[in-house]
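What follows is a single structure, written as structure tokens, with notes after it.
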Amino acid sequence: MSDHPAGDKPLNFIEHMIEADIAAGRWGVWSGEQAGTRPSRVGKPRVHTRFPPEPNGYLHIGHAKSICLNFGLAQKYDGKFNLRFDDTNPAKEEQEYVDSIKADVKWLGADFEGPHGGGLFYASDLFGSMFAFAEELIRKGKAYVCELSADEVSKRRGTPQIPATSPFRDRPAEESLRLLRQMKEGKHPDGSMTLRARIDLASPNFNLRDPVLYRIVHAEHHNTGGEWCIYPMYDWAHGFEDSAEGITHSICTLEFENHRPLYDWFIRTVNEGRTPDGSGPFGATIHHSQQIEFARLNLTYTVMSKRFLLRLVQEGRVEGWDDPRMPTISGIRRRGFTPESIRNFCEEIGVTRIESVIDVGRLENACREHLNKVTPRRMSVLRPLKVVIENYPEGQVEELDCQNNPEDPGAGSRKVPFCREIFIEREDFMENPPKGFFRLAPGTEVRLRWAYFITCTSVVKDASGNIVEVRATYDPATRGGDAPLGPDGKPTKKVKATLHWVSAPHAVKARVRLFDRLFKAERPGEATGEMLDDLNAQSLEMLEDCRLEPSLGVVSPDEPRFPDGIRRFQFERLGYFCIDPKSSSASGVLTFNRTVTLKDTWAKVAAKA
RNA sequence: UGGGGAUUGGUGUAACGGUAGCACGACUGACUCUGACUCAGUUAGUCUAGGUUCGAAUCCUAGAUCCCCAGCCA
């Protein structure tokens, strides 16, 4: 069945469901009132998604998959996307997390306040109506106050074969109502009682064994302050949040699949005694959205558990949530990744119900792919080795033209100074090169990018035999880096290698931070059960004596401005780097982060040998 | 030994009873003022066993393996 025009991406399973819903007219169409800022939306089938994080930590790349999915659907179907804080547990939630999540979602491009945005919501703003629904459930005989302690509930939970029990199950509704109000008024201590749904104590699905709706928590809430001392559980609250916001497709991860019967039960039960026109004894029917589960993102060499990431932060094993080695959005951003590259990555990996593990290299590739197109090229020497060009006049300085981006002729060029003393990369010189090494070595000739051909004449060593300097001669006829043309119009000579370089006296000094994977193991914790055992002790390398071309010391006018304000570059032959303002200002030293290396065929060959 | 899901090349993902395709990786080669990029080619797959059918990744039966569920977390 190829009813898609060539080049069209195949639909994922959620899109298939949406198409089916549209065909069936399941969710109706946008009214003029609902269309909001987009009149074009009026009359189109409703698709309304949301991203519902709990503000108990920073967002990570796994959340990015969900954000891109939900926002992407809203965009594709000209619908709406909400950001909603699922803040029903004051014990774990903080304003700091709320703020970071808002910033991260926006940075990713999922603008919940833009043309496809439905707005910003808080579950806690609905506490009042949720409480009313709870009272309604009691009146319908579908909920009761249970005075079992958490411990006792656990003991009475039963097994797959043996049903759970509660002695309070058949308590009169009036009594439950009175107790619930007392709970709300703070008359009872934490843990002394709960409100439970009256469903099925024998269900093989434990979620239906009279789940808790409300627990008593005397704690300050980041949004509602001290207004409440009872808080709704996730299962009870979530469907009402979706309902109130008019969400059509409530997308969550696979582990909530067993909760779907509960999700549906709550809405259905509230809707008992309600009618579409509001004439029922309990008023008007409330909206019932469709829960859909998909597989969360797993990455090799990466831990996505918020709890564990929090531990890394608290134990000081990383600099913080935004450490560039962290899989958090803020870490990845500080590392230099672009939102485009993350969106492309999420698009490439697809959406299914299969639990898979994506090679983290694919995320890096997505980043290279985008950065290659948009970053200006610069020359930087990370581990400097001095080269003295013996036949270049002392005191002479030339300003040479260097292209900013060979991929993009429109990016123009810049001037880079050249003189008698330059630095090259230490690893670009070998005194006794192996076969296949075609960089600089005694007697060989290489090109200095955009500059001249040079030939190594000798090596200078210190007392202990370390190479401290290389002597060379240059060919003045190769100015600009091109060999002179012969009578046949072809270059008179060719070199196999082109090296990056900087002028020694003009170079800007900087610190560069190189990052490796945070974990040594493809699946951290698999071997010993303790993820910390697989932490990579060498995941951060600081290079303190790097020399950069002078243009990096200032913001040049033709440097592209990224919307997030981050200055990103390709250091030729090395990789993609960005300035880390946080580290720079903290240390007083201009500091770059390496986002990702370039692919390096030679390193692969050399490693094999 | 209860319930709910999943299984297609190394990895990810299509195909919804009718030619198993795409992407990434890997490997070759071409090109190259980045050992990058780009381009061309090669590689390799339907969990197993039965059954239905002219025809099965797809439907049926049985089995295997993996994931989720007994928080007053989400």
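Letters go in sequence order (proteins before strands), and every chain restarts at 1.
No donor-acceptor contact under 3.5 angstrom links the side chains of A/Asn344 and A/His370, judged on distance only. With hydrogens and angles left out, the side-chain atoms of A/Tyr58 and A/Glu96 include a donor and acceptor closer than 3.5 Å. Judged by distance alone, the side chains of A/Arg449 and A/Thr498 never bring a donor and an acceptor atom under 3.5 Å apart. Looking only at atom types and distance, the side chain of A/Arg368 has a donor-acceptor partner in the side chain of A/Asn365 under 3.5 Å away. Judged by distance alone, the side chains of A/Ser551 and A/Arg378 do bring a donor and an acceptor atom under 3.5 Å apart.
Using a 4.0 Å heavy-atom criterion, one finds that A/Asp482 contacts the bases of the nucleic acid, with or without backbone contacts as well. Within 4.0 Å (heavy atoms only), A/Met193 reaches no atom of the nucleic acid at all. Heavy atoms of A/Gln570 sit under 4.0 angstrom from at least one base atom. Using a 4.0 Å heavy-atom criterion, one finds that A/Pro53 contacts no nucleic acid atom at all. Note on A/Phe437: a base of the nucleic acid sits closer than 4.0 angstrom, heavy atoms only. A/Leu148 comes within contact range of at least one nucleobase, with a heavy-atom separation under 4.0 Å. Heavy atoms of A/Glu54 sit under 4.0 angstrom from primed sugar atoms or phosphate atoms, though from no base atom. When heavy atoms are screened at a 4.0 angstrom cut-off, A/His259 is found touching base atoms of the nucleic acid. Contacts of A/Thr194 with the nucleic acid, taken as non-hydrogen atoms under 4.0 Å apart, include base atoms. Across all strands, A/Gly158 comes closer than 4.0 Å to base atoms (heavy-atom distances). A/Gly436 comes within 4.0 angstrom of a base, heavy atoms only. Backbone-only engagement by A/Ile354 is indicated by non-hydrogen atom pairs under 4.0 Å involving sugar-phosphate atoms exclusively. At a threshold of 4.0 angstrom between heavy atoms, the contacts of A/Val357 are confined to the sugar-phosphate backbone, with no base atom among them. Among the atoms of the strands shown, base atoms are found under 4.0 Å from some heavy atom of A/Phe438.
A ring-centre distance under 6.0 Å is found for A/Phe418 and A/Trp501. Between A/His259 and A/Tyr263, the distance separating the two ring centers is not shorter than 6.0 angstrom. Aromatic pair A/Phe577/A/Phe592: ring centres not closer than 6.0 Å. Residues A/Phe127 and A/His221 bring their aromatic ring centres within 6.0 Å.
Where stacking is scored as ring centres under 5.5 Å apart with planes under 30°, A/Tyr234 does not register as stacked on the base of B/rA74.
Figure legend. B/rC16 is base-paired to no nucleotide; pairs are counted as Watson-Crick or G-U wobble with both atom distances under 3.5 Å. Across all strands shown, B/rU46 forms no Watson-Crick or G-U wobble pair with both key distances under 3.5 Å. Base pairing analysis places B/rU8 opposite nothing; no Watson-Crick or G-U wobble pair with both distances below 3.5 Å involves it. Base pairing of B/rC39 is made with B/rG29, judged by Watson-Crick or G-U wobble geometry with both donor-acceptor distances under 3.5 Å.
Counting to the nearest Å, the C1' atom of B/rA74 and the NE2 atom of A/His221 are 13 Å from each other. Residue A/Asp210 contributes atom CG, which lies 14 Å from atom C1' of B/rC72 at whole-angstrom precision. In this structure, A/Tyr214 atom OH and B/rC72 atom C1' are separated by 14 Å, rounded to whole Å. Following rounding to the nearest Å, A/Phe256 (CZ) and B/rG71 (P) show an atom-to-atom distance of 15 Å. The CZ atom of A/Phe294 sits 17 Å away from the P atom of B/rC68 (whole-angstrom rounding). In this structure, A/Arg362 atom CZ and B/rG25 atom C1' are separated by 9 Å, rounded to whole Å. Between the C1' atom of B/rU11 and the CG atom of A/Asn298 lies a distance of 13 Å, rounded to the nearest Å. The OH-P distance, from A/Tyr144 to B/rC72, rounds to 12 Å in whole Å.
Taking the P atom of each, B/rC16 and B/rG29 are spaced 39 Å apart, rounded to whole Å. Rounded to a whole angstrom, the distance from the C1' atom of B/rG45 to that of B/rG12 is 13 Å. B/rG9 and B/rG41 are spaced 24 Å apart, taking the P atom of each and rounding to whole Å. One P atom belongs to B/rA14, the other to B/rA70, and the distance between them is 29 Å to the nearest Å. Atom name C1', nucleotides B/rC73 and B/rC66: the rounded distance is 25 Å, in whole Å. B/rG51 and B/rA56 have their C1' atoms separated by 11 Å, given to the nearest Å. With both ends at atom C1', the span from B/rA23 to B/rC60 equals 34 Å, rounded to whole Å. A distance of about 14 Å separates the P atoms of B/rA36 and B/rC31, rounded to the whole Å.
Within 3.5 Å, a donor on the side chain of A/Asn258 pairs with an acceptor on the base of B/rC68, or the reverse. Residue A/Arg439 places a side-chain atom within donor-acceptor reach of the base of B/rG35, judged by atom type and a 3.5 Å distance cut-off alone.
The residue among A/Asp359 and A/Asp86 whose nearest nucleotide of RNA chain B lies closer to the 5′ end is A/Asp359. Map A/Glu355 and A/Glu407 each onto its nearest nucleotide of RNA chain B; the residue landing nearer the 5' end is A/Glu407.
The shortest distance between the side-chain N/O atoms of A/Arg377 and the OP1/OP2 oxygens of B/rU34 is not below 4.0 Å. Side-chain N/O atoms of A/Thr88 include one lying less than 4.0 angstrom from OP1 or OP2 on B/rA74. OP1 or OP2 of B/rU38 has not a single side-chain nitrogen or oxygen of A/Arg368 nearer than 4.0 Å. Between B/rA74 and A/His63, no contact under 4.0 Å exists linking OP1 or OP2 to a side-chain N or O. Distances shown here put a side-chain N or O of A/Arg215 below 4.0 Å from the OP1 or OP2 atom of B/rA74. Regarding contacts with the backbone of B/rG3, every side-chain N or O of A/Ser203 stays at 4.0 angstrom or more from both OP1 and OP2. In terms of phosphate contacts, A/Thr352 brings a side-chain nitrogen or oxygen within less than 4.0 Å of OP1 or OP2 of B/rU13.
The 12-atom threshold is not exceeded at CZ of A/Arg296, counting heavy atoms of other residues, nucleotides or ligands nearer than 6.0 Å.
Between A/Phe131 and A/Tyr214, the angle of the ring planes goes over 60°, which puts this pair in the perpendicular group of the 30/60° scheme.
When distances are taken from the side chain of A/Phe206 to each of B/rA70, B/rC68, B/rG4, the shortest belongs to B/rA70. The side chain of A/Lys92 lies closest to B/rC73, out of B/rC72, B/rC73, B/rC69. Of the candidates B/rC72, B/rC68, B/rA15, B/rC72 carries the atom nearest the A/Val153 side chain, counting heavy atoms from C-beta on.
Base orientation at B/rG5 is anti, since its O4'-C1' glycosidic dihedral falls outside 90° of 0.
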Enumerate the protein-to-nucleotides 26-32 of chain B contacts in which both atoms are nitrogen or oxygen and the separation is below 3.5 Å.
unit_1: B/rA26; atom_1: OP1; unit_2: A/Lys604; atom_2: NZ; d: 2.8
unit_1: B/rC27; atom_1: OP1; unit_2: A/Lys608; atom_2: NZ; d: 3.1

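Here A/Arg260 pairs with A/Glu257 in a salt bridge; the nearest charged N to carboxylate O distance falls below 4.0 Å.
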